[in-house]
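Take a look at the structure set out below.
Any value given below was found using the heavy atoms of this structure, including those in side chains, with hydrogens, waters and symmetry copies removed. Quantities reported herein were computed from a predicted structural model and do not represent experimental measurements.
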Amino acid sequence: MNPNSSSPLHALRLDTWHLVRRVAQLGSMNKTAADAGLDVGRISSKIRALEAELGFEIFRRNPHSVALTARGTAMLTEISPLLDQFEGCLQKFSTSSDSIKRTLKIKVPNGTIPVFIRWFKAFREEFPDFDIELTDNKSIDLGSQMGFDVAVFCNLNQKPPGPIERLGDVPTFLVASPKYLETHQKIISPGDLDSHCLISCFNWNTSLRCLYGPDGATISVKAQHFFCVDCSQSCLQAALEGIGIGWGVPLILCRDALSRGDLIRLLHPFETVGLSYYLSETKPVSLPSGKTLGEWIANHWQMEFGHLTRLSPAFALD
């Protein structure tokens, strides 16, 4: 940094670092400009000036997006808690109430929304001074504009800056409605699937049509007909409607329908490819219990899903 410069030292300006964090969250200076009500050229010049003072690039610039460099990620990871601490201090001294209410912003995969709603119902009873904003991170733009304290994801493209923790793996199944099975050819072996319509989520499992069974058995499936959707929740709904056989529906999503008899698991014990889930605590939030919000979520995840076993390999989309 040049102490003789007459221009503002961007490295010491909180507003510049807030812009950096916003651009990192949105992955776009244009989106940040629209969100902040600023001119994109002004945002770009502020960040360029900051990079010049630091002596390295914070962002890699592409034609329609930006992404943090390795050094930018490391620096923002260190600085973000300081920004949050500063904001918290301002909030503390600007409120006229002795009781400060904090809004927790959480992003989770759409297939886990019912689980998290149940968990956070109990959370609010235990910690009534917190408000909750729970977002489906399938809506990437909406979730990024809101910002978040904790993100749970099974798509590594949704990985925010900073460290992540692996929560665990969840098996996925073949499922169908009783009505569908009553009116279509019986499924006794994997080869019988060839004549059925498979409902598949094209975001992650369309090309991975293998069944995995005991003793490492792997069977390729060559179906003739497909009904493709863009998320697991839609895959579940299409199976419930009797459109076809749900391919690779996560147990988290279909277990209630299975227990009610609304869906039937097919070709047990064979499974489709499992899903790996991760957690990122972007803004660590301390709870009165002594745990952070991320630790609270990880603990509930282990209590509910830690016992699950699977026969198939598991991965996260990248």
Evaluate salt bridge (Lys or Arg N to Asp or Glu O under 4.0 Å) for D129 paired with R102, printing each intermediate quantity in order.
CA-CA 7 Å; D129 288 336; R102 170 77 190 273; over 6 Å; no

Please assess I106 against F148 for the test side chain to side chain contact (heavy atoms under 4.5 Å, CB included), listing each intermediate value before the final yes or no.
CA-CA 5 Å; I106 303 108; F148 55 90; over 6 Å; no

Please determine whether salt bridge (Lys or Arg N to Asp or Glu O under 4.0 Å) holds for the pair D15 and K46, giving the CA-CA distance in whole Å, both sets of side-chain angles, and the decisive distance to 0.1 Å.
CA-CA 10 Å; D15 62 329; K46 281 178 174 286; 3.5 Å; yes

V66/R60 under side chain to side chain contact (heavy atoms under 4.5 Å, CB included): CA gap, chis, key distance, verdict:
CA-CA 6 Å; V66 297; R60 294 191 304 273; over 6 Å; no

Test L83 against W17 for side chain to side chain contact (heavy atoms under 4.5 Å, CB included), laying out the working first.
CA-CA 8 Å; L83 295 175; W17 284 108; 4.1 Å; yes

Set out, in order, the CA-CA distance, both residues' side-chain angles and the distance that settles side chain to side chain contact (heavy atoms under 4.5 Å, CB included) for I219 and Y212, then state yes or no.
CA-CA 7 Å; I219 300 175; Y212 301 86; over 6 Å; no

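For the 3.5 Å distance criterion, the side chains of E241 and Q237 qualify, holding a donor opposite an acceptor. No hydrogens or angles considered: nothing links the side chains of E271 and T172 as a donor-acceptor pair under 3.5 Å. Side-chain polar atoms of R166 and S276 form a donor-acceptor pair below 3.5 angstrom. Defined by atom type and a distance below 3.5 Å, a donor-acceptor pair is present between the side-chain atoms of Q185 and S195.
Judged by distance alone, with hydrogens and angles left aside, the side-chain atoms of D39 form a donor-acceptor pair with the main-chain N or O of G41 at under 3.5 Å. A distance-only check finds no donor-acceptor pair linking the side chain of E165 to the backbone of A298 [under 3.5 Å]. Judged purely by atom type and a 3.5 angstrom limit, S234 has no side-chain atom pairing as donor or acceptor with the backbone of D230. In this structure, E295 contributes its side chain and T292 its backbone to a donor-acceptor pair below 3.5 Å. With hydrogens and angles disregarded, a donor-acceptor distance shorter than 3.5 Å links the side chain of T183 to the backbone of K179. Of the possible polar contacts, one joining the T112 side chain to the P109 backbone as a donor-acceptor pair under 3.5 Å is found.
Side-chain contact between R124 and D131 is present, with at least one heavy-atom pair separated by less than 4.5 Å. Taking the side chain as every heavy atom from C-beta outward, V150 and S280 never approach each other to under 4.5 Å. With a 4.5 Å cut-off on side-chain heavy atoms, R61 and M29 count as touching. Inter-residue side-chain proximity for V115 and V108 is flagged as unmet; no heavy-atom pair is nearer than 4.5 Å. Side-chain contact between P178 and I264: present, with at least one pair of heavy atoms (C-beta onward) separated by less than 4.5 Å. Side chains of W119 and W296 form a contact here, defined as non-hydrogen atoms less than 4.5 Å apart. Taking the side chain as every heavy atom from C-beta outward, I245 and V175 never approach each other to under 4.5 Å. Residues I47 and V20 meet the side-chain proximity criterion, which asks for heavy atoms closer than 4.5 Å.
L211 CG to S220 OG: the interatomic distance, rounded to the nearest 0.5 Å, is 9.0 Å. For the atom pair CG of D256 and OG of S259, the computed distance is 5.0 Å after rounding to the nearest 0.5 Å. Atom CD1 of I58 and atom CZ of R21 lie 13.5 Å apart (nearest 0.5 Å). Atom-to-atom distance recorded for M75:CE and S80:OG is 11.5 Å, nearest 0.5 angstrom. Note that SG of C154 and CG of L167 are 10.5 Å apart. Values are rounded to the nearest 0.5 Å. Atoms CG and CG, on L174 and L267 in that order, are 6.0 Å from each other to the nearest 0.5 Å.
W301 and F305 have perpendicular rings, their planes meeting at more than 60° on a 0 to 90° scale where under 30° would count as parallel.
Applying the side chain to side chain donor-acceptor pair (under 3.5 Å) test to residues at least two apart or on different chains, none of the pairs has a partner in residues 68-78.
Across every non-hydrogen atom of A24 and L76, the tightest pair is CB-CD2, 3.7 Å. Shortest non-hydrogen contact noted between C235 and V249 is SG-CG2, 3.8 Å. The two residues P269 and L311 make their nearest non-hydrogen contact at O-CD1, 3.1 Å. Closest approach of F173 to C254, counting heavy atoms only: CD1-SG, 4.3 Å. What you find for S177 and G242 is that their closest heavy atoms are OG-CA, 3.6 Å. Nearest heavy atoms, L293 versus E281: N-OE2, 3.6 Å.
Linking ILVMFWY side-chain heavy atoms closer than 4.5 Å, directly or via other members, places L54 and L68 in a single hydrophobic cluster. Following chains of ILVMFWY side-chain contacts shorter than 4.5 Å, one can reach I132 starting from L287, so the two form part of one hydrophobic cluster. Under a hydrophobic-cluster definition in which Ile, Leu, Val, Met, Phe, Trp and Tyr are linked whenever side-chain heavy atoms come within less than 4.5 Å, directly or via other members, Y180 and V229 are assigned to different clusters. Criterion: ILVMFWY side-chain heavy atoms under 4.5 Å apart, direct or through other members. Under it, L253 and I199 are not part of a common hydrophobic cluster. Tracing side-chain contacts under 4.5 Å through hydrophobic residues (I, L, V, M, F, W, Y), one never reaches L236 starting from I243; they form parts of separate clusters.
A distance of 6.0 Å or more separates the ring centres of W247 and F226.
Look at D169 and R310 and you find a salt bridge, because one of the NZ, NE, NH1 or NH2 atoms lies within 4.0 Å of a carboxylate O, short of that distance.
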